[in-house]
Every structure is written in structure tokens, then in C-alpha cells.
Protein chains: 2
Amino acid sequence: MKACAHKHPHQRQEMSALTDRLRGHSRKITGPRAAILEILRQHPHPLTNKEILAALPKGQCDLATIYRSMHLLEKTGMVKRFHFGDGASRFELVGEGDDGHHHHLVCTKCAEVVEIDDCFPTEVEQRIAAANGFKAVTHRLEFFGICPECQQTLRLK
Amino acid sequence: MKACAHKHPHQRQEMSALTDRLRGHSRKITGPRAAILEILRQHPHPLTNKEILAALPKGQCDLATIYRSMHLLEKTGMVKRFHFGDGASRFELVGEGDDGHHHHLVCTKCAEVVEIDDCFPTEVEQRIAAANGFKAVTHRLEFFGICPECQQTLRLK
DNA sequence: GTTTCAGTTGCAAATCGTTTGCAATTGACT
DNA sequence: AGTCAATTGCAAACGATTTGCAACTGAAAC
């Protein structure tokens, strides 16, 4: 059940594939964009825009540009936006042809993130949609708890 | 399955019960707090702080006070905070003894909110927690789609 | 009922994530 | 190489939320 055999959003993608995808949307491959994509490639985890900025060679790119790039990448389906309940959006690269839908388990102490392969049961979601007359229903789902290390740390205090 | 028989967070609570709960936490029952609780009582829906402010007789209470009150009420378990993915927190009164855990179905066009009684399967959540060594695992889950009215509206365009 | 004081409040300023206007810059095509 | 729309950096603007501080007010004690 804890499968990992299916297409995983975290398989590292070729840089050329990424730029091709952008070109496919008739967008320029600029220095900042290439740099951002490279960071996303290297960090198979949801990243905030600030984290992306920090990971970038300093002065490489303005924070505003990162925000604009993430909007673009989101619109073209190349990244997916996640919310962990603190104010900030986090982004992950999405595999080509994938919709990037998945969930996370987040440590509420240290913010460690584990990717989760389980999902909310489709049949139940469809029943919920139907019962309320809603169409095009999806969901956001994130798990929160205390990771093994933080359990340790807490015990010591 | 689509049960509605269990304790529902939306059963309107007595004002006196609410103030008693606050007193139980050795907090003062002030004008602003009583007014906020009254609004929450009257609106069995997740409300943003701004919506609470708007619902309040004008000048009744400062926005900062609402923020502070919601923190207090959250800490004492009297309200539960929800995130719908736009920047703002939303709050709902929680029944006494209840933990307020539940989910919503939100229209992405008009923001209509329907309360949902289904929940993520406990066994699966426990398995996820165990598989990753996490303790005290919960989840946030919200559904998004297009409500019947907005489907209508979209069709007309 | 008055006193008393910690708990509360309003107001303004500060913070944080995010967006936007604008002039300068630059990919990509001719 | 030349052209032009797309893109960027910078600074200002924004919306949600937090906070410092002096004034104020419940509620317990007198």
C-alpha cells in the first residue's frame, strides 16, 4: 500500500525537458527562470519563495521575479502549490503529464516534510460532490504530527 | 455514512455556556468578547476576522481585538481555525467537549461553504503515522469545487 | 458600593507574504 | 545585427496579522 512504484512527482526531471515545456507555452527561457527551475529540480520538496531565493546564488534573481515565475509555472502546470497552514505557499515541480496531486505529512515542531502516497478515497469524494450538487471537486489534504526526532527532543526537555 | 446524528459543531450554543467556558479559563467577559461570541453563535459558518468585524455593530470592537480574541478562543478550544487556501483564517465555534474537527466543501467561484461529515479514514491515517514514526497525527482536509448556482452562472456566460 | 489591579482594549506602527507600476533590459525571431 | 514583446529589478503598495503602549475595565477584595 505504501507504494512508490507509480509515477512520482519527485523523479528528477531533465533541465532540457523543463525548458522545453516552458518554450511550449511560448515563454522565454531567462536566466532567473532557468535558475529557479534548477533549484526546484534539486529540491524535491515543497519550497517557499523565500527558500527558493535563499537557495539561489545571491543576487541571482529578485524575490518579485520568483513570485511571478511561480505564478507562470503554476499556470502552465509545471509546479503545484501547497499550503501547510502557515501563511506561505510552497511549490513543487510536477512531472510532465502528471497533475501533481499528492499530500504531505508535516512535523509541527521542525517542519520536516514527508511525501504521502495515500489519498482521500475517490468514491467518497464523488459521493460528497454529488450529494451537494458540486462539480469539479478536488481536495487539499495535509497531515500534521510530530516526527521521530522531535519526539526525542521533547522527551529530553 | 453521511451521518448527521452525532454532535454537530453547529448546534447553536447558549451564550451563558460560552461565557462560562471563558470564565473557566479565568478570562474576563468583556464587551467585545461577548459581541464576538454572539456573532459566532449567529453564524454557523467559518468566518474571517474581517467578516466578524463587519458583522459587529460598527465601532463595537477593534480588528486587533478580534485577532486577539480569536487566539484566545482558539487556545481555550472554543473556536477552531480553518484554512481555505486564500490568505485568511476562518473560525467556527466548537461545541463543548467537541474538538471541532471536520471539513468543508467550498465553491471556488462564490465561496459558498458546505459542511462535510465525512473524514479521512482513521486506519489509514494511523498507518501513515506509524509508517513514518510520527506521533499525534491529524490532518487538514477541505474540498473545493463549483456549486450548483455557479455552474448555472457559468453556463450562461 | 468602592477600591484595586491584572487582564483588556484601541490605536498606530510594524511585520510578513505577496502583488504591482514602471522604466530599463533581454530573449528569440527576422 | 535589429526589433519588439516579454521579462526583470526596484520600490512602493497591499492585505492579513501582530505588537507596543498608554488608557481602560471586569471582577475579586474590601
Side-chain angles (χ1 to χ4, degrees), chain A residues 15-16 18-39 46-76 78-91 111, chain B residues 15-16 18-39 46-76 78-91 111:
Chain A
M15 194 56 185
S16 60
L18 292 173
T19 52
D20 284 352
R21 279 215 264 168
L22 250 193
R23 284 210 190 77
H25 289 273
S26 46
R27 297 318 196 115
K28 293 182 185 171
I29 312 302
T30 64
R33 282 181 188 165
I36 291 170
L37 286 173
E38 185 56 36
I39 296 302
L47 292 178
T48 63
N49 284 345
K50 263 206 178 141
E51 288 169 339
I52 293 174
L53 178 66
L56 242 26
K58 55 164 46 190
Q60 178 86 54
C61 167
D62 191 83
L63 185 54
T65 298
I66 299 181
Y67 276 98
R68 285 190 273 235
S69 295
M70 300 322 286
H71 278 300
L72 170 63
L73 295 174
E74 186 181 26
K75 241 191 329 188
T76 63
M78 293 179 63
V79 303
K80 176 132 182 117
R81 181 190 300 257
F82 293 95
H83 300 291
F84 288 175
D86 60 347
S89 291
R90 279 150 223 270
F91 301 89
Chain B
M15 193 57 185
S16 60
L18 292 173
T19 52
D20 283 352
R21 277 215 265 167
L22 251 193
R23 283 209 191 77
H25 289 272
S26 45
R27 298 317 195 115
K28 292 182 187 172
I29 312 304
T30 64
R33 283 182 187 165
I36 291 170
L37 286 173
E38 185 56 37
I39 296 301
L47 292 178
T48 64
N49 284 345
K50 261 202 179 147
E51 288 169 340
I52 294 174
L53 179 66
L56 242 25
K58 55 164 48 190
Q60 179 85 55
C61 168
D62 190 83
L63 186 54
T65 298
I66 299 182
Y67 276 97
R68 285 190 272 234
S69 295
M70 298 325 286
H71 278 300
L72 170 64
L73 294 175
E74 187 182 26
K75 240 190 332 187
T76 62
M78 293 179 64
V79 303
K80 176 131 182 118
R81 181 189 301 257
F82 293 94
H83 301 291
F84 289 175
D86 61 347
S89 292
R90 278 149 223 272
F91 301 90

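All values derive from a computational prediction rather than experimental measurement.
- Nucleic acid contact for A/Thr48: none, since no nucleic acid atom lies under 4.0 Å from a heavy atom of the residue.
- Interface limits on DNA chain C: the 5'-most and 3'-most nucleotides within less than 4.0 Å of chain A heavy atoms are C/dG17 to C/dA28.
- For B/His83 and D/dG15, the NE2 to P distance is 21 Å, given to the nearest whole Å.
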Query - B/Arg33/B/Leu72 under side-chain contact (heavy atoms from CB on, under 4.5 Å): CA gap, chis, key distance, verdict - result: CA-CA 10 Å; B/Arg33 283 182 187 165; B/Leu72 170 64; 3.4 Å; yes
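- Atom pair A/Arg33:CZ and D/dT8:C1' shows a separation of 9 Å (rounding to whole Å applied).
- From A/Ile66, atom CD1 reaches atom CD1 of A/Ile36 across 5.0 Å, with rounding to the nearest 0.5 Å.
- A/Leu73 places its CG atom 15 Å from the C1' atom of D/dA6, with the value rounded to the nearest Å.
- Contact check for B/Leu22 versus B/Met78: side-chain heavy atoms found under the 4.5 Å cut-off.
- Partner of B/Glu74 under the salt bridge (Lys or Arg N to Asp or Glu O under 4.0 Å) criterion, chosen from B/Lys80, B/Arg81, B/Arg90: B/Arg81.
- Among the protein residues, B/Ala88 comes within range of the sugar-phosphate backbone only, with heavy atoms under 4.0 Å from sugar or phosphate atoms but none that close to a base.
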Query raised in the report: Does the pair B/Leu37 and B/Leu73 meet the rule for a side-chain contact (heavy atoms from CB on, under 4.5 Å), with working shown?
Result: CA-CA 9 Å; B/Leu37 286 173; B/Leu73 294 175; 4.0 Å; yes
Requested in this report: Determine, stepwise, if the pair A/Thr76 / A/Arg21 fulfils side-chain contact (heavy atoms from CB on, under 4.5 Å).
Outcome: CA-CA 9 Å; A/Thr76 63; A/Arg21 279 215 264 168; over 6 Å; no
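- Between B/Asn49 and A/Gln60, the residue anchored closer to the 5' end of DNA chain D is A/Gln60, taking for each the nucleotide with the nearest heavy atom.
- One interatomic measurement links the two molecules: NZ of B/Lys50 to C1' of D/dT17, which rounds to 11 Å at whole-angstrom precision.
- Residue A/Thr65 has no polar side-chain atom (N or O) positioned under 4.0 Å from OP1 or OP2 of D/dT7.
- The distance from atom CZ of A/Arg23 to atom P of D/dA6 is 17 Å, rounded to the nearest whole Å.
- B/Arg68 comes within 4.0 angstrom of a base, heavy atoms only.
- We find that CG of A/Leu63 is positioned 13 Å from P of D/dA11, with the value rounded to whole Å.
- Atom CG of B/Asp20 and atom C1' of D/dA27 are 15 Å apart (whole Å).
- Nearer the 5' end of DNA chain D, as judged by each residue's closest nucleotide, is the contact made by B/Asp62, out of B/Asp62 and B/Lys28.
- Distance check, rounded to the nearest 0.5 Å: CZ of A/Arg23 to OG1 of A/Thr19 gives 4.5 Å.
- In this structure, the NE2 atom of B/His25 is 15 Å from the P atom of D/dA27, given to the nearest Å.
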